[in-house]
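Encoded as structure tokens, the structure appears first; notes follow it.
Proteins get letters first, then strands, A, B, ... in listed order; numbering begins at 1 in each.
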Protein chains: 2
Amino acid sequence: MSRKWVYAFVEGQTSWKSLLGGKGANLAEMTNLGLPIPPGFTITTEACNAYLEGGNSFPEGLWDQVLVAMKAIEGEKGFGSTEQPLLVSVRSGAKFSMPGMMDTVLNLGLNRETAVTLGRLMGNERFAMDSLRRLIQLYAKIVMDVSSHEFDNALMDACADAGVAEETELDAQQLEAVTERYRRIVKDATGQEFPEDPYEQLRLAIAAVFRSWNGRRARDYRRMEGIADDLGTAVNIQAMVFGNMGEDSGTGVAFTRDPSTGAPGLFGEYLLNAQGEDVVAGVRTPAPISTLEESMPKVYEQFLGYAQKLEDHFLDMQDMEFTIERGTLYMLQTRNGKRTGASAVKIAVDMVAEGKISKQQAVARVDAEALDQLLHPMIDPSATPTSLAKGLPASPGAAAGEIVFDPDEAEDLAREGKAVLLVRTETAPEDFHGMVAANGILTSRGGMTSHAAVVARGMGKCCVCGAGEVRVDYQTQKVSIGGREFERGAWFTLDGSTGHVYEGQVKTLEPELAGEFQTLMEWADSFRTTTVRTNCDDPEAAVTARKFGAEGIGLCRTEHMFFQDDRIKAMREMIVADTVEERERALAKLEPLQEQDFLGIFKAMDGLPVTIRTLDPPLHEFLPHEDAEIVALAKELDIAAAALRSRITTLREANPMLGFRGCRLGNIYPEITRTQARAIIRAACTAQTQGIEVLPEIMIPLVSDVRELRVQTDLVRTAANEVMEETGVTVEYMVGTMIELPRAALLADEIAEIAEFFSFGTNDLTQTTYGLSRDDSGTFLPQYLQHRWFDNDPFQVLDQHGVGKLVQMGTQLGRGTRPDLKVGICGEHGGEPSSVRFCIRTGLDYVSCSPYRVPIARLAAAQEAIAQATQAEDGASGNDEAGPVANAMEAGP
Amino acid sequence: MSRKWVYAFVEGQTSWKSLLGGKGANLAEMTNLGLPIPPGFTITTEACNAYLEGGNSFPEGLWDQVLVAMKAIEGEKGFGSTEQPLLVSVRSGAKFSMPGMMDTVLNLGLNRETAVTLGRLMGNERFAMDSLRRLIQLYAKIVMDVSSHEFDNALMDACADAGVAEETELDAQQLEAVTERYRRIVKDATGQEFPEDPYEQLRLAIAAVFRSWNGRRARDYRRMEGIADDLGTAVNIQAMVFGNMGEDSGTGVAFTRDPSTGAPGLFGEYLLNAQGEDVVAGVRTPAPISTLEESMPKVYEQFLGYAQKLEDHFLDMQDMEFTIERGTLYMLQTRNGKRTGASAVKIAVDMVAEGKISKQQAVARVDAEALDQLLHPMIDPSATPTSLAKGLPASPGAAAGEIVFDPDEAEDLAREGKAVLLVRTETAPEDFHGMVAANGILTSRGGMTSHAAVVARGMGKCCVCGAGEVRVDYQTQKVSIGGREFERGAWFTLDGSTGHVYEGQVKTLEPELAGEFQTLMEWADSFRTTTVRTNCDDPEAAVTARKFGAEGIGLCRTEHMFFQDDRIKAMREMIVADTVEERERALAKLEPLQEQDFLGIFKAMDGLPVTIRTLDPPLHEFLPHEDAEIVALAKELDIAAAALRSRITTLREANPMLGFRGCRLGNIYPEITRTQARAIIRAACTAQTQGIEVLPEIMIPLVSDVRELRVQTDLVRTAANEVMEETGVTVEYMVGTMIELPRAALLADEIAEIAEFFSFGTNDLTQTTYGLSRDDSGTFLPQYLQHRWFDNDPFQVLDQHGVGKLVQMGTQLGRGTRPDLKVGICGEHGGEPSSVRFCIRTGLDYVSCSPYRVPIARLAAAQEAIAQATQAEDGASGNDEAGPVANAMEAGP
């Protein structure tokens, strides 16, 4: 007896994906749930492999089993019958989804005779003949390898002959003539006839699907996705049903709950006497699903029951397709429905209340990234604005305002109470005050981690970056977009979540952190085992971040404080100083200002750790570059413009990212580190005296060698001791370092001899590991992503494979030296869900991200904790399949 | 019986360095050779450790043993004797040399009485009293911890009282008065008297030397050098001898061979009736050592014998110090003599001929780096030019010429047969033709691996870089240096080996690759097991490199070809092209030119592998940046200046080093790679048809992910197949990649799936691993090196610790995937001896460097091979001390 190659849908089950493929296993599962699935069967992946290994010939017994299985699905109809013709589809279906990579043939069973019968039965001869025409073309291409080109020409010729513009205007007779032309094309190209015999059609189609497993596209796809070549594909053969058989037929799609709001109850639409493509094409307007209750009450009742059954079975909101053929309801497909962030949260929380899922499952299934939508103002979905341009969605939210090009002007207008958007080619640190004043920021250059983007995200302010079509002319104070010009003062609206730039003032909605959001976050925190901190630089942001659940500050960038009006002058004096004494005089002015900032931050973060990074950016970032500004500054500083220009030239760098910055500044100008350490410790002493619990962590940036860190640490400790002696107060503090250069990660064992904590600065670590400037990657990165040469923008999603290897090495080496080493991450990746989960798996103690991403990080951290707990349980029970949480999240039916 | 803590010099031997310290062991060795060493003994490192562990008290028996040993060295003299007073020195001496880190006290045994006696015996009371003065000050500082400040004041007061300007004018009586003031200072500061008792002086001095082992400086030094803290220091006590005891006394230094030329025969000088410092101070002119034969024939004969004995014993040219005290010759020190490159080569080859050392030893002991002096013109040593400024010795050799500031002018003048030096603030690729024309290059900005430096080294052309004092004013066509101005046309001479900029035309000597050089290189090649290739970009350089022994090309930078007059225009057309078609048209012009270049290189390298890198630098490097040039170019290209300016602005990058370059160019503009691949393969086909053996290796730069390499490799192979079909010729070729980004090294296992060879681009790998731009490091790197925060300039000497870790990982991972993977290095480090040796230890198949460094790399490679062979032998014989080669090279007596 030969092997069992064929399984009827009723014989299979969902866990047999290796044997039946994903699609076949799910069709079996639905059939076994008792749903009305059009009958069919699956040819196993083993059959495919046997076919390919056997030199492209059917293994023994396969065809006989197919014939038996066909009989079983014929029912009242007959395959090739001229009375009740059965048509079938032949679809590939591998273990892992490979969308579009392999072949499908529909309407098998059509030929000259059955097409006529079908037309008559449907009362739609045109439809039947057009189906035949499509079958011949598709079949010829897939099974017989004839290119579509000739068919397209023949169709155009037929239109020309008939004097019509489009094929949709051809009638049944004219289409029949086209099918004859098509047959000739097949004959001419292959020397063979298009087979009239349905069984020959079927046999050849199955073989073609088998062969498609080894097609070029499929092989490339598998190589890219790391799917094994020896899995083979299953083949699903299923009876076709038609929704266009009259007014007792129809087709539709529906969700078990509202995918926009999460509100319970069936949500969807349908069309009577129509095929699926009619719903999609939008030619006719579908009716709401609720009206089906009136038109076909029995069918509606059935459908309600199936929907409930499916949701109860898959324990998630379902997105279902159905067809009604002459009063009989068929379910065609179901899968977990796509939904908005708000809907995801509500459904998850509701389903816990309904007793359907656990709190863990609820937390695990909400896409953490989708929370972002909930935390910012958004464009009113009912608005239909005109998009002028599209840039990168650099910082989410929506904002409207008058456009201005100058940061000072932005500040002035904002003071007058006006809503402004700051529009620049790109922003620099000296534009900071204008960014603070503006409702939103638009730049024509720079990527997702350009200055504008990073600063805007830190402030939770809407920002669209790198909108190349937007050309700013500072001289004429105009901006041109695609040939149109807009004056200063024109109203724009930005959507930082999509990157769209809209004309005029578009209505926006404020975020509502509804009850379900709070509930879900509380559950998340109860499962979470990793701390979430925030990156923020001033007391106001710290208060916001704490509201969002931040459990400390992971990165306070002291330089951001220097851009404020009262500090930038002293900072510039410090930079242009010729002697240590002059520099110290300028620093002495900054010290009390910094101290006040730190005091404010310590107060906001009472009882929580605060990591403060010493000065990091190259000094030229603090100086102007336009000549007029240089002259003005020289006057202000009371030095010669030429001298200032020369100083600026000296500081200019070919590659500032790799230049005189980070701890290199503090090593060459130790007085800078000393001043900053004094300000931090003095603020800490004052705060502690006021009853505030302070946990300062002083962080040295851009360390490449332990000796650099030793010098800086000595400076900090000496300054701290001085301050504590002066004040008579003792505070506990730590000194640690950013790990943001490959060398630091490679030699982390040595660095941990000095560092009391590590914080992975994955922005710069990504830049150096890839040799990729985030500011310059816009030229080629979009194409890299499009071609999938890179999986993701590595500045958005941590490259776990390469950069992550350094994070792992650094953590292991560091803890090898200092087992209790505190390790965190403070790059932008600290708020990206997959990166957060990687950090937790790597054993980091905390992640830190911009305030508005703290809830996202909290949720992602909870999801990883749940996944790990589940894995541990599965490990204990010897279950090597994915756990129920993973199933609920990822496995669509 | 107590432990043996004290060893007389006659009891020790050179291998007991752990016990006796380096200095003690060598003094013992020389004593045992029968040389007249002033008598003495060594207190062991164990005694030091026992002292420190015992809470700073002498271990049992130590002092008794010291007393016994003192007796043995007194001879006719007596320690504290008022008739024949013996003076001794007390010197520290650890296992490893720690220069200047620990303490030394001279002239112990002097006090009020012995000073008078000594003055009388010498006939020089002033000298004796001055020695006592110095003893008190030094002793007070080292033993009693009294700062020098008060002593300096007292001495100045004494000068003032005596009405003289300097202490040298004080007579014996006045100095005696100073010693009394000094005694009071000691008493006031410590409450204790300066000890008159010589034995008390000795005891306390020994204890002070023990304690100096744990002094701050010594501990810091050990930490930096990785020397263990528990080694302890030995203490050497040795009788002092005096060369200023009359006309039968004297002192001098001599070499066993000429350190400048290597010529055999004693070479040195001496002074009668003088101390060592008199020779150094240069107040009196010493006599040539040969005249000693007349003045003291017996002593001379003795000295000749000792010199011979020492050279025979240490088997190397010796640098000896000696003193004659009343007709008795004492040898004070001997060590392997420093020498010029030429001398090193000649001595090594001569000593083989003399049967003293083996060829391996000869090869092993010549400092490979010193060969550099032999390979370039040099400043005539007899010249005494005026140094105007000092920059970085960027490319060795010497060159004189008229200074010009414009590359076009340099070219014009050179055509007229004039010698010119190109002087620029910095150079850019568009200055290339001017650099070719100039005899030498001087820049005021940029480091050892700036554009000017790299290109100059490639051409073997003298270059001084980053001479900050040199200010070029292009407008006035003047250069100012330290307040002086020089017009265009002034003569300068550059020394690229020292970085000096001289005024006027200084005489230079052409290199003479003498017979000994050839001989040594032949021996080196016979031991060498690793291939040495060269980095060069044109046929002429390839011919030179082959003469220097290059065994292939490791890096041919195709972009350098594009800067030549006939190509740059087509290149610029390519860059400003708006469409693929325009770009292909421009590339079509370049293709035949490139083909000709490659053909020339293949011919020059007949039978040897040639690695050609596809286009690497960012495109804006090919475009002008000055407005006048932009206008001119726009006219030439027949496009609007505004359009060109806009294109240049678009291409401008914040960090071009991390920007749109390397394979990113070839991925976005595949037509570039295609054209280059066609040119290479077409040239290879032509060459092969002409009977030339071609081994092309096409190298893809700046790969960070295997997918990038796959795309480029596919492009190359497709183009190659096309060309081979067109020409009907089949050539073998390889496609591989630079490993120059940390990510490529970390994921080398994946990259090796595609790459047929790796070449470590350690310039860029160093930049990215350290996050350090070579062009911008000049601001802080000098201070980093001065403070020893970095051991070396990592762009000159490969950072084996950090960057080297990536080289090792990359090699291992790559070979894990592809065991026969060919691996080389083509960064600048490929010509630096310690880096070459590291590469060989890491298992690289070849190193590649600029043509003029090929002999250096060959020698270094031979040295590593010899060291490995020796180690293997030692391993086999169970000897865990350093082998004889290492000893001969590193261990000074």
Side-chain angles (χ1 to χ4, degrees), chain A residues 224 426 445-446 450 618 650-662 664-665 667-668 702 704-705 707-708 710-711 740-747 750 764-765 767-780 783-784 787-791 794 799 801-803 805-806 809, chain B residues 223-224 426 445-446 450 618 650-662 664-665 667-668 702 704-705 707-708 710-711 740-747 750 764-765 767-780 783-784 787-791 799 801-803 805-806 809:
Chain A
M224 200 134 76
E426 57 202 331
R445 258 168 50 173
S450 62
T650 311
L651 287 172
R652 199 192 297 144
E653 295 184 305
N655 293 289
M657 160 68 206
L658 311 175
F660 184 33
R661 51 168 291 228
R664 295 163 192 170
L665 295 171
N667 281 328
I668 302 299
L702 212 75
S704 68
D705 191 289
R707 286 170 286 191
E708 295 179 285
R710 185 178 288 132
V711 173
E740 54 185 333
L741 296 174
R743 196 173 192 273
L746 291 164
L747 302 177
E750 294 179 8
D764 282 1
L765 192 60
Q767 296 200 77
T768 46
T769 304
Y770 269 95
L772 184 64
S773 161
R774 58 188 190 187
D775 294 327
D776 302 313
S777 58
T779 339
F780 51 92
Q783 288 197 58
Y784 264 60
H787 288 291
R788 301 203 52 169
W789 297 330
F790 287 173
D791 291 322
D799 161 44
H801 202 45
V803 179
K805 199 166 181 177
L806 285 177
M809 281 180 69
Chain B
R223 198 166 56 171
M224 201 135 75
E426 58 202 331
R445 257 166 54 172
S450 62
T650 312
L651 286 172
R652 199 193 298 144
E653 295 185 305
N655 294 288
M657 160 68 207
L658 311 175
F660 185 32
R661 51 168 291 228
R664 294 162 192 169
L665 295 171
N667 281 328
I668 302 300
L702 212 77
S704 67
D705 192 288
R707 286 171 287 191
E708 294 179 287
R710 185 179 287 132
V711 173
E740 53 185 335
L741 296 174
R743 195 173 191 275
L746 291 164
L747 302 177
E750 294 178 8
D764 282 1
L765 192 59
Q767 297 200 74
T768 46
T769 304
Y770 269 95
L772 183 64
S773 161
R774 58 189 190 185
D775 293 328
D776 302 314
S777 58
T779 338
F780 51 93
Q783 289 197 58
Y784 264 60
H787 289 292
R788 302 202 52 167
W789 297 331
F790 286 174
D791 290 321
D799 161 44
H801 202 46
V803 179
K805 200 165 180 176
L806 284 177
M809 281 180 70

Original post:
Does the pair A:W789 and B:V711 meet the rule for a side-chain contact (heavy atoms from CB on, under 4.5 Å), with working shown?
Top reply: CA-CA 9 Å; A:W789 297 330; B:V711 173; 3.0 Å; yes
**OP:** Show the numbers, then the answer: is there a side-chain contact (heavy atoms from CB on, under 4.5 Å) between B:Y784 and A:R707?
**Re:** CA-CA 10 Å; B:Y784 264 60; A:R707 286 170 286 191; over 6 Å; no
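Proximity to chain A is limited to the side chain of B:D705, based on heavy atoms less than 4.5 angstrom apart. Heavy atoms of B:E750 lying under 4.5 Å from chain A belong exclusively to its side chain. For B:S777, no part lies under 4.5 angstrom from a heavy atom of chain A.
Of the possible donor and acceptor atoms, none in the side chain of A:D775 sits under 3.5 Å from a partner among the backbone N and O of B:A654.
Using a cutoff of 4.0 Å between basic side-chain nitrogens and carboxylate oxygens, A:D776 and B:R661 are not scored as salt-bridged.
Atoms CG and CZ, from B:N655 and A:R774 in turn, are 9.5 Å apart once rounded to the nearest 0.5 Å. Atoms CG and CG, on A:L772 and B:L702 in that order, are 9.0 Å from each other to the nearest 0.5 Å.
Across A:E426, A:Q767, A:H801, A:R445, the residue that shares the most heavy-atom pairs under 4.5 angstrom with chain B is A:H801. Of the residues considered (A:L665, A:T650, A:D799, A:L651), A:D799 shows the highest number of contacts with chain B, using heavy-atom pairs under 4.5 Å. Per-residue counts of heavy-atom pairs under 4.5 Å with chain A were compared for B:L747, B:V803, B:D764; the largest is that of B:L747. No other option in A:E740, A:Q783, A:H787, A:R710 has as many heavy-atom pairs under 4.5 Å with chain B as A:R710. The choice from A:T779, A:L806, A:I668 that makes the most heavy-atom pairs within less than 4.5 Å of chain B is A:I668. With respect to chain A, the highest number of heavy-atom pairs below 4.5 Å among B:A745, B:G662, B:P656, B:A744 belongs to B:P656.
A pairwise comparison of heavy atoms in A:R664 and B:Y770 identifies NH2-O, 2.9 Å as the closest pair. Closest approach of B:T769 to A:L746, counting heavy atoms only: CG2-CD1, 4.1 Å.
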